[in-house]
Amino acid sequence: MAARKTETSILNTSKVLKATSKELVRVEPLSWWIGMKTDLQLLIGGDNISDFDVCIIGGKGVRVTKVTKADSPNYLFVDVDIDTDATPGTYYLVFSNGEVQFRYPYQISAREEGSSQRKSFTTADMIYLVFPDRFADADPKIDGEVDRDTPLARHGGDIKGIIKHLDYISGLGATAIWSTPLLVDNEIESYHGYACGDYYHIDPRFGTNELYRQLCDKAHEKGLKMIMDIVTNHCGTRHWRIKDMPFKDWVHVFDKYTGTINAFSTNMDPNASWYDLNLQESGWFVPSMPDMNLDNPYVLKYFQQWAVWWIEYAGLDGLSVDTYPYNEKDPMSRWCACVRAEYPNINIVGECWTASHAQLAYWQGDNGNKDGFNSNLPSIMDFPLRDAMEAAICESGDNPEWGRGMTRVYDCLSHDFVYHDLSKMMIFIANHDHARMGDTFNHNPDKMKIALTLVATLRGIPQLYNGDEMMFSHKIGGDWSDGSKRIDFPGGWKGDKVNLFTKSGRKAASSDPMYEHAEELYNYTSKLFNWRKTKEVIHSGRTMHFLTRDNTYAFFRYNDKEVVFVYVNNSYSDKTIPWNNYAEIASSLTRGRNVITGMSIRVNSSTVVPAMSTLIVEYTH
């Protein structure tokens, strides 16, 4: 539908009224900028809004080029063209149906200098994953209903709580924060934020849009990058648009509830049926999360603009995409391409949860897949390595069966040949969907140190989940739900008896069996990752590793200037390093520095590494 009223005729009318919330419900994106490569298409929602013509007035260089009606009479899609020399300021969308006219203010701003060339997270970073509802409550007055004794209830953590503890995060050696979703989420028991109810507003129980932008600004002041967790695959059934969708196929609809079959292989399996692929892509994640139809071009455009808007508005440094392989792969490829066309240096990491190296490699952009598919997704989460590290460390002891113990890590890394870009792989031992490491490792600090050592020194981008730096365990006896594992961070709530955010609090907690190793592990983590910040050899160096059958693992990270030697003893016996076996890389290495102790050390064939411990030595050529 073309706009029939000219700007001049609207400007000259005396009947232009100020919009009210009753007359106009929604305009998204909330604002826009001059000089964007992403075309602006407004989604406008309001009672019988399709009866209205629309144009835009104010300033210069901004015009409506196309108006499209949806299936529902309560939506319009309005394409807006913005000249590069347009005037920044407040414009007005003017609506008229011959009897009623009203206008709606719309802000079009100048971009910050250098916005399109913003840098992103790389192997030089350590990403700290924060689960906001369970991290810290610094603003109780916005909590709403909270129940900290119920695992699946909201506990009251908020954005101010993250801001309050930025120094803690930075002091740990982190250089980037990845927060699980903070957007409106009104689903029952959806404290986690993955069932979005409004894509353009921060949940008021966390804060406001402006407060989120302040978080990003304050994080940048501390040298911390900000990564937003977004979900393109599904929303929540309580999203404001679900009861009245713009198009009948806005989400995937079945005669009865149909869930996804969780078969990622259908995306690359040459033998897969269309029937199975359709269920994988179109089936709902869970009954409370409708599956978005990205094959609808208006849905895809909506999500492209949404990502770009938040990056520009909040000053984000990267994105994490939840449940990536559940999306339709070709539209998501175009989604990635759009975001990266706007921000060529932006890094986007996809949650591609598979134990298969080959299937994981398929999702990384430019991988050279046999079917010609290119996801345009820069980074992938290395779930095979995560699984290998956890299993290996849990199989500590002497003389493991062949293929078990630390051989698992060796074998996993031997598959590196299938990946397009090893520098664009996020490595981790756990995230918010895994058991707490204190439970997995049976509260053994030696195992946790081995895990931290591997995450800090292997190839890729390291990520640490909040609390694993002190080996948190779940608290609710007998309850192994996700909620019980996502425990509150002690010290984040007024009245907490234990405060692990402070040095004195960690020392005081040493008498509590739950946190007796907190200070020891925090110090180990902080030393390790603060050292890592400046080690180019760890960020981009090559890897050479050596196979053993005694539950040890030795590898070198090296470049032309430096070498780092890492030895992991996952057995219950002290081990003498077989240094002569490493002669092809170690023959020229003499005296180095023990990274943890800071002491000078000469590693040789008589060097002994105690049971259940690691040795990290750095050398300069």
Side-chain angles (χ1 to χ4, degrees), residues 117-127 175-176 178 225 227 264 267-268 307 316-322 324-325 327 329-330 332-389 409-428 431 454-463 532 535-545 555-560 564:
Q117 298 302 314
R118 69 186 63 226
K119 302 301 182 183
S120 194
F121 61 95
T122 70
T123 55
D125 292 297
M126 187 272 264
I127 299 169
T175 57
W178 161 26
K225 299 172 183 176
I227 302 168
F264 301 157
N267 287 281
M268 68 286 293
L316 297 174
D317 305 290
L319 300 174
S320 171
V321 183
D322 178 68
Y324 194 91
N327 293 278
K329 69 179 185 181
D330 290 316
M332 276 307 292
S333 173
R334 297 195 294 275
W335 181 88
C336 287
C338 173
V339 176
R340 298 192 69 205
E342 196 70 69
Y343 307 101
N345 302 318
I346 204 77
N347 202 349
I348 307 170
V349 60
E351 182 198 33
C352 305
W353 196 331
T354 176
S356 166
H357 300 87
Q359 289 186 27
L360 178 60
Y362 181 87
W363 293 109
Q364 190 174 40
D366 301 322
N367 191 57
N369 295 317
K370 188 175 181 180
D371 62 2
F373 172 71
N374 186 349
S375 71
N376 291 306
L377 174 70
S379 293
I380 46 180
M381 297 181 186
D382 196 343
F383 282 93
L385 179 57
R386 191 219 76 83
D387 294 348
M389 289 190 293
V409 179
Y410 180 98
D411 181 66
C412 184
L413 292 176
S414 73
H415 288 81
D416 277 358
F417 69 93
V418 306
Y419 298 113
H420 168 67
D421 189 347
L422 293 173
S423 72
K424 294 290 199 306
M425 300 183 70
M426 180 184 288
I427 64 172
F428 59 106
N431 61 31
L454 291 173
V455 172
T457 56
L458 290 174
R459 87 293 185 269
I461 308 167
Q463 171 255 301
R532 188 188 184 282
K535 301 307 292 183
E536 179 64 30
V537 65
I538 299 295
H539 306 162
S540 61
R542 299 178 64 189
T543 300
M544 183 181 294
H545 61 177
F555 62 95
F556 294 79
R557 301 297 311 283
Y558 64 100
N559 59 23
D560 292 339
V564 171

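- Looking only at side-chain heavy atoms (C-beta outward), Tyr558 and Thr543 stay at 4.5 Å or farther from each other.
- Taking Asp416 as the reference, Arg459 meet the salt bridge (charged side-chain N to carboxylate O under 4.0 Å, His left out) condition, with sequence neighbours excluded.
- Within 6.0 Å of atom CG in Asp371, more than 12 heavy atoms from other residues, nucleotides or ligands are found, so the atom counts as buried in its surroundings.
- With rounding to the nearest 0.5 angstrom, the CZ atom of Phe121 is 5.0 Å from the CE atom of Met426.
- Note that OG of Ser375 and CG of Asp330 are 10.5 Å apart. Values are rounded to the nearest 0.5 Å.
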Item to check | side-chain contact (heavy atoms from CB on, under 4.5 Å) evaluation trace for His357 with Cys412 | outcome: CA-CA 8 Å; His357 300 87; Cys412 184; 3.4 Å; yes
Checklist entry - Can you list the steps and then say if Asp317 with Arg118 is a salt bridge (Lys or Arg N to Asp or Glu O under 4.0 Å)? => result CA-CA 7 Å; Asp317 305 290; Arg118 69 186 63 226; 5.5 Å; no
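- Here the straight-line distance linking atom NZ of Lys329 with atom CG of Asn267 works out to 5.5 Å at 0.5 Å rounding.
- Ring orientation note: the planes of Phe383 and Trp353 are close to parallel, at an angle under 30° on the 30°/60° scale.
- The two residues Phe428 and Met381 come nearest to each other via the heavy atoms CE2-CB, 3.9 Å.
- Looking at Asn369, its side chain never comes within 3.5 Å of a backbone N or O of Gly372 through a donor-acceptor pair.
- Ile227 approaches Ser320 most closely through the heavy-atom pair CG2-N, 3.8 Å.
- Minimum heavy-atom separation, Val409 to Ala388: CG2-O, 4.1 Å.
- Between Ala307 and Leu319 the shortest heavy-atom distance is CB-CD1, 4.0 Å.
- When atom types are taken as modelled, the side chain of Asn376 and the backbone of Ser333 share a donor-acceptor pair closer than 3.5 angstrom.
- Legend: residues meeting side chain to side chain contact (heavy atoms under 4.5 Å, CB included) with Ser540, ordered by chain and number and at least two apart, are Glu536.
- Note that CZ of Phe264 is 12.5 Å distant from OH of Tyr324, once rounded to the nearest 0.5 Å.
- With respect to Lys225, the side-chain hydrogen bond (donor to acceptor under 3.5 Å, both in side chains) criterion is satisfied by exactly one of Asn347, Asp125, Thr175, Thr122: Asp125.
- Within the 4.5 Å cutoff, the side chain of Leu458 has heavy atoms near those of the Met389 side chain.
- Between the side chains of Lys119 and Tyr343, no donor-acceptor pair is found at a separation under 3.5 Å.
- For the pair Gln359/Met268, a side-chain contact is recorded, criterion being any heavy-atom separation below 4.5 Å from C-beta on.
- Inter-residue side-chain proximity for His545 and Leu413 is flagged as met; some heavy-atom pair is nearer than 4.5 Å.
- The two residues Ile348 and Val339 come nearest to each other via the heavy atoms CD1-CG1, 4.0 Å.
- At distances below 3.5 Å, at least one donor-acceptor pair connects side-chain atoms of His539 with backbone N or O atoms of Arg532.
- Side-chain contact check for Asn374 and Asp366: at least one donor-acceptor pair (N or O, by modelled atom type) lies under 3.5 Å.
- Of all non-hydrogen atoms in Ala456 and Ile538, the two that sit nearest each other are O-CG2, 3.5 Å.
- Put simply, CZ on Arg542 and CE on Met544 are 7.0 Å apart, with the number rounded to the nearest 0.5 Å.
- Using a 4.5 Å heavy-atom cutoff, the side chains of Leu377 and Trp335 are not in contact.
- Here the CD-CD1 distance, from Gln364 to Ile380, works out to 4.0 Å after rounding to the nearest 0.5 Å.
- The backbone N or O of Gly541 lies less than 3.5 Å from a partner atom in the side chain of Arg557, making a donor-acceptor pair.
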Next on the checklist: With side-chain contact (heavy atoms from CB on, under 4.5 Å) as the criterion, how do Tyr419 and Leu360 come out once you've worked through the C-alpha distance, each side chain's angles and the decisive distance to 0.1 Å?
Outcome noted: CA-CA 8 Å; Tyr419 298 113; Leu360 178 60; 3.7 Å; yes
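- By the 30° and 60° cut-offs, the orientation of the rings of Trp363 relative to Phe373 is perpendicular.
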